[in-house]
Structures are given as C-alpha cells and as structure tokens.
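Everything below concerns the one structure shown next.
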Number of protein chains: 2
Amino acid sequence: MTGGTGRGGSSAAPRSVDVARLAGVSQKTVSRVFNDEPYVSAEVRRRVLEAAEQLGYRRNNAARALASGRTRSIGVVTLGTALYGPASLLMGVERVVRDTGYALRVVNTMEGDPAGVAGAVDSLLDQGVDGIVISEPIDEEATRRDASLRVDVPVLVIGAPSPVTAPTVLTAGDGADLMARTATEYLLGLGHATVHHLAGPQRWYAARDRLEGWRTTLAAHGRDVPRVVEGDWSAASGYAAGRELAEADDVTAVFAANDDMAIGLVRALTEAGRRVPEDVSVVGFDDIPVAAFVTPPLTTVRQPFDAVAQEGLKRLVHAIENPGADPLPPSDPPVDLIVRSSTAPPPPRTTPRRGRRTVSRSAERSGP
Amino acid sequence: MTGGTGRGGSSAAPRSVDVARLAGVSQKTVSRVFNDEPYVSAEVRRRVLEAAEQLGYRRNNAARALASGRTRSIGVVTLGTALYGPASLLMGVERVVRDTGYALRVVNTMEGDPAGVAGAVDSLLDQGVDGIVISEPIDEEATRRDASLRVDVPVLVIGAPSPVTAPTVLTAGDGADLMARTATEYLLGLGHATVHHLAGPQRWYAARDRLEGWRTTLAAHGRDVPRVVEGDWSAASGYAAGRELAEADDVTAVFAANDDMAIGLVRALTEAGRRVPEDVSVVGFDDIPVAAFVTPPLTTVRQPFDAVAQEGLKRLVHAIENPGADPLPPSDPPVDLIVRSSTAPPPPRTTPRRGRRTVSRSAERSGP
DNA sequence: GTGAAAGCGCTAACAG
DNA sequence: CTGTTAGCGCTTTCAC
C-alpha cells in the first residue's frame, strides 16, 4: 500500500508506534496505557488515549499473543446441534467467557465425525487457546484410542468424565443423575408402582446419567426396573417409543430424558387413547420454552445451564490465570423440578401392589 | 516465559526451527511443508513431517497471523439465545466455516445490551478476524448512531439490511417475506376471508420481514389487513396473544411468526374452546423438531438454515480470499411449506357464537 | 514514571 | 528445489 494519506482512516491500520508518535511518548508507554499498567501519569494516559482514538488505533492481537504467549481466548467444543440443551449451554458459556475478558473459539463435534472430540480439541489447540470447555465427548471409543489427546491447557469438562489428559481438569454440571433421581422420586411419591424410562441415546453421558439416576432410585425403593426404551432426543423418537409403551397396561408413569421426547411420547399416548396424566404421567427434562404450553403442560426438570457455565468457567479462568495454584472447589447447582399438569397419581384400576394410590401424595413438594 | 519451571521435562512447545534442526533442513522448508507449498521434494517433506510428529510440533497461529496479516478466522455475531432459529443458523455457520479451513470466533449480542451489534463487531475486530457474519442487528438505533461501525473486512449479513460499512457487504437469507407470503397465500387458498398475524418482536428484521410478507399478500388479494398482535417469540407470548384472539369470532386463520408462539397460541385457543383447525387454522414458522408432534401437528414454514449458511459463507470466503474481485452472485434458497394438521378450510359462516364480534380491531389491548 | 533494545515464531521476498 | 535475510506489532527485560 502506497500513497495512504492517512486521512479518513484509509490504508494500513495504525500501530502503537503511530499512536506513540502522535502522543509524543514512547511506544512502550502506549502499551502501558492499553494494558492498564501502573506508573503512567494521568496526563500521559489521557494524551495516549486521545491519540489512539484519533487514529482509530486497535491493538493487534496476533502480536500480543505472540509476544506474551497467551491468546486470551477459550475454546469450546460444541455438539453441532440446535438441541436446546447444548445450545443453551453454549450461550451460557459465551456470556461468561466474554465477561471474563476472553474471546471464544468454537468447534463442533458432529455426530458420526470420526475425529470426534479429539479432532475438535486438536483444532482448538491448533488455533491456540488458553483453556478448553468440552461438554459431551460423544464418541468415547475414538477418544480413548487417540493418544494425542494430551492437552497442555486447563480443561473444563461439563457433565461427563474427562476425555483428555491435561495439567488441570475441572468438571461441572455432573448432577444429572441427581436430577433424574428427583424426577423419579416425585413420580413414586405420587403413588406409581414403578416408573418407566424413555432414555436418550446412550452414547451421551447426559443420557446415561439420567438413566443411572432413574435406575438407582427405583432400586433404592425396591421397585421393578422396567425395560428401558431408548430414543435419540427427538420428538419423533419419543413418539415411536410412545406407541410401544401404550401397548403395555402397566405403564402409568414415564420419565423421559428430555422434553422433546416427552412431547412425542405424550402425543403417541394420546393417540392410543391413554390420557395424560389421568392414565399415564409423564415427566420431561430441560424445561424447554414450550414445555409449559403444550397439552398438557409438561412437568419437567430444569437444568441450570447458566449457573453451570458460570460456575465452571470461573474455575477454568482461575486455573488459566493461576497455573500451579490449587483449583477452586466446585459448587453444586440447584435442581429444579417444575411440576405442571402432565403428572398425577396413577389410575385406581388393576391390582394394587403396595397400598393405595393416594398415600404419598402429600409427601412430595407441590407445584410452583 | 524463559524462566518457566521445568514441567515434566518437555519444557516449552517446539518451534519450527526445532523441527528444522531435527530434520536437517532450514526453517523455511518446514514452513513450506506445513503450508503445502510446492517445490519440496517428497523425501524432505517426509523427513520434516516425521520430525514434527516426533516433537509434537504445532504451528503457532499467533506468529502466523502476525507475519501474514491474516488470522484465518471468521467472526460471527450471535443472538445470545437458544432460540431454534439463531441456534440452527450458528451451527450451520460453524460447520461451513470449519469446512473452509477457517476458525470461528463467536460473540453475543444480548438483547438490552447497549453496545449491541456495534459492540459485538468491535470485539470481533479487536480479536482479529478476516470476515464477519451478522444475522440480526437487533438494536438498530444504537447501530446507526455508532459511527465506529466502519469495518475493514468483508461482512456477510444474514436476513437483514447491513448495519455496517465495509469494503464488501454480502447478504443472504433475506427470503423471509417470500416465505411469509407462501404461508399467507396457502391460508387464503384454503378459503379464509383473511389471515391474522401473530408477529415477532419488531426489533427483529426476521419479524418485520414476515409481517411485511403477510401484509403485502393480504393487500395483493384485496383482503382486510387485521390489526397485528405482537409477541416476543416465546410460547408464553403466543399464549397471551391467543387469549386475545380467541375473543374475536372473525379470527379463522392465524399466521404466527414462529413455531413457539404458534404452540402457545394453539393452547390458548384450545382452552378458550376454539378448536384447531376446525375453528381456527394456525401456521407456524421454522419447523422446530417438535412441530410435528404437538397437538395438532403444526403446519409451518421450514427455514433452510444450512443452505443459507453454506451459500452465504461460500461468498464470504470468496470475498476474503479474492479482495478486489467481483463478489459471487447470491442464489436463493428454497421455500418449504410443511402442511400438517393445524390448518383447514374455515368453518361455515355462522352468526356470532360467543356474543362478541366487533372487537377484533379495536379491543385487542383491553386484556390484562 | 518513562524509554531503548531484544525478541516472540512465523511468512515474505529474494537469492542461490 | 532450498536457504537467507527481514520484518509483522507487540510485550519484556532492564536502564534511566
């Protein structure tokens, strides 16, 4: 570029040395001002800021990263889907990352992608990030095989065991089983003899945790553990499962691993003549925005995405900025069961198995 | 950096010069190999690759960016919500960006954020990106005011007029009005005298476009243009609107600006004793995954997010890599009306059933 | 409080 | 085909 007359901000971008010249200080002083370093007189600071403003100066991040060895960015491995859970989590993460002054780099793990998380993490490392957030190492096998998943930046793993080896590995949001437990216990408390489970795809940790929470609750109460029906998170798969479940008379309560499947399930049940909640109670998971407005309004478990993201990232940033220091302790996010109208005590019919249906009704928390 | 505590023996990350030494070549040759430049003998290439592998070498992107002036990354301004549309679009964008060899940087525009897109774009520019994708300049006023929104990289604006001044501005996905037209015409074709519109928040271009498409269609057919009810995309707002609309007997068809609102609307209508679709037809927008499984299954317009993202990004990347060249021509994505069971011909004309027939235009705001 | 010098690790011309 | 010589724009020493 030649001939840039500097008017109207044409030609090349101004550098700190240009600002320095205009402000009549050294380039280093400009650097000090922009890094909020001490030992700069108010007057000089003002002059520098003014010059920068006038020139439309913007720090060059590549140079900064090169010189300092820190990119000031955090990478997140997403799931490549618009599913409510993952999308909400991503948004939560973005918010916090930006608040903490970092930039966000995003890479998808697509289902079926042979590279899986390993590839995603690798790509993030290539880009250069100071920390990594992973939420679902979907393809566990591939991950385990890949020895190159040795990461040298702190990692925050949300809701799953860590798929990587890193200097610092933090975990958060692994309370899904507790949430599943709450849902199952609520249904049991309503008087249902047992609870069926419409599970998510078992390649997802989130799905496995929910199943585990459900199963252990049933076991703890000495109840039958019915056969699990597995869906793929979609309402369509919930619908398919519902047609199956509608055949069996002993199904009076179903805990679905997410709301979409619950909605499909309710539809199938309804079409088959099983009323919800009179004949069958249904509990979902996520509390998606429409959950309160479908028919019947869905009882569901709300996941505290924002809280999890915020809590986890606080610890990740701490680990990044204080290498060597002890990691901050995790804190558990709250569990929220939102009771609406898709749940009720079981119907009176058939042989009662352990007492009357109305007994434990008051034992559980009542609606919001 | 130099005084780093010897961590597990492997100390600092290997640089290209280390690889060069090990492979017995010059540093420049390593650079050649990693950039897939021609004029490197197969033998040398092999040796370099091997040495790199052995050392666990990874190119330093900051240095690359600094030296080349390109960051090889694209920034996207998201909406900070898990709404189906924005989330789907983001995922589509990620996919394509990665496929084209770029990295993705993400920044939110939060509603109510005074900085709005301007702030988000600015933050992206600070980070250093070669191109920017914006989908909804929500806060138009702030954007207009902010003169600093002069961007020096190509910009792709999806579904909205450009809020920035840039060397290259591309647009994509601005077919919302056409889609709205299709929906409205379908309803008219069913025999409805007119169609009501449950609009999205008018700060969104997507919402305005849909409204425009609806309005012009009605006008073109010489029909009444009823007063618009505006929601906020949520099912809750659709529900509120539904209670209003249920009062008016002349409402026989409603085109909702998204599926969530349509679902809330249907619920309110149903609760008020207006059957869908026998009494009132409802068309949604988006074709969210549960749309086919709510009661009744929703007739809706499907947005081709992936196609729009792919098409737009192809042009953006072209503009980035061929500055000065003519931009590629846009191509229109297809419109898809998915007909399900929430629409039907209007009920036979009758005398007012519920004693209120003059309210539709004047009394809508009288509710709580 | 401030400045001068020395790189960070790579790519960009040119030489050979 | 391969190597040399310069920077890219900043942050770091360390000197004043």
Side-chain angles (χ1 to χ4, degrees), chain A residues 1-2 11-49 51-52 55-73 103 125-128 130, chain B residues 1-4 11-49 51-52 55-73 103 125-128 130 152 321:
Chain A
M1 292 301 154
T2 44
S11 74
R15 294 151 303 150
S16 60
V17 65
D18 299 323
V19 176
R21 200 150 32 218
L22 182 57
V25 298
S26 79
Q27 183 268 341
K28 171 62 204 174
T29 297
V30 174
S31 171
R32 283 210 180 85
V33 169
F34 275 84
N35 287 322
D36 275 326
E37 281 172 32
Y39 304 128
V40 180
S41 70
E43 161 59 10
V44 167
R45 164 168 272 117
R46 196 192 54 66
R47 280 214 321 270
V48 168
L49 256 14
L55 259 28
Y57 170 68
R58 212 180 266 284
R59 264 189 305 194
N60 179 319
N61 242 294
R64 232 154 97 77
L66 179 56
S68 68
R70 296 180 43 203
T71 62
R72 291 166 184 81
S73 68
L125 256 17
D126 270 352
Q127 294 176 38
D130 294 342
Chain B
M1 306 293 107
T2 337
S11 67
R15 295 150 303 150
S16 61
V17 63
D18 300 322
V19 175
R21 200 148 33 216
L22 181 58
V25 298
S26 80
Q27 184 268 345
K28 174 62 205 176
T29 297
V30 174
S31 172
R32 284 212 178 82
V33 170
F34 276 86
N35 286 323
D36 275 325
E37 280 172 32
Y39 304 130
V40 181
S41 71
E43 161 58 10
V44 167
R45 166 168 270 116
R46 198 193 53 67
R47 280 215 321 271
V48 168
L49 257 14
L55 259 28
Y57 171 69
R58 212 182 265 285
R59 265 187 304 193
N60 180 319
N61 242 295
R64 233 155 96 78
L66 179 57
S68 68
R70 295 180 44 203
T71 62
R72 290 164 183 82
S73 67
L125 256 17
D126 269 352
Q127 294 177 37
D130 294 342
D152 55 358
E321 298 182 346

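All chains are named by letter (A, B, ...) in the order of the sequence lines, taking the proteins before the strands, and each is independently numbered beginning at 1. All values derive from a computational prediction rather than experimental measurement.
Using a 4.5 Å cut-off on side-chain heavy atoms (C-beta onward), Arg15(B) and Asp18(B) make contact.
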Once base and sugar-phosphate atoms are separated, protein heavy atoms under 4.0 Å mark nucleotides 8-16 of chain C, 5' to 3', with B, S and - as BBBBB----
Given the rule in the side chain to side chain contact (heavy atoms under 4.5 Å, CB included) test, do Arg64(A) and Asn60(A) qualify, once you have shown the distances and angles that lead to the verdict?
CA-CA 6 Å; Arg64(A) 232 154 97 77; Asn60(A) 179 319; over 6 Å; no
Chi angles and distances behind the side chain to side chain contact (heavy atoms under 4.5 Å, CB included) call for Asp126(A), Arg58(B)
CA-CA 7 Å; Asp126(A) 270 352; Arg58(B) 212 182 265 285; 2.9 Å; yes
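Classification of Asp130(B) and Arg72(B) as a salt-bridged pair fails, no side-chain N sitting under 4.0 Å from a carboxylate O.
Here the rule is side chain to side chain contact (heavy atoms under 4.5 Å, CB included) with Ser31(A), and of Asn35(A), Thr29(A), Val33(A) only Asn35(A) fits it.
Taking atom CG on Leu55(A) and atom P on dG9(D), their separation rounds to 14 Å, with Å as the unit. Rounded to an integer number of Å, the gap from CZ of Phe34(A) to P of dC10(D) is 9 Å.
Side-chain N/O atoms of Thr29(B) include none lying less than 4.0 angstrom from OP1 or OP2 on dC1(D).
Each end of the helix from dG1(C)-dC16(D) to dG16(C)-dC1(D) gets its own axis from five base pairs, and the two axes differ in direction by 20°, given to 10 degrees.
A pairwise comparison of heavy atoms in Ser73(B) and Gly128(B) identifies OG-O, 3.4 Å as the closest pair. Among all heavy-atom pairs drawn from Arg45(B) and Arg32(B), the shortest one is NH2-O, 4.5 Å. Pro14(A) and Leu55(A) make their closest contact through CG-O, 3.4 Å (heavy atoms, listed as atom of the first residue, atom of the second, distance).
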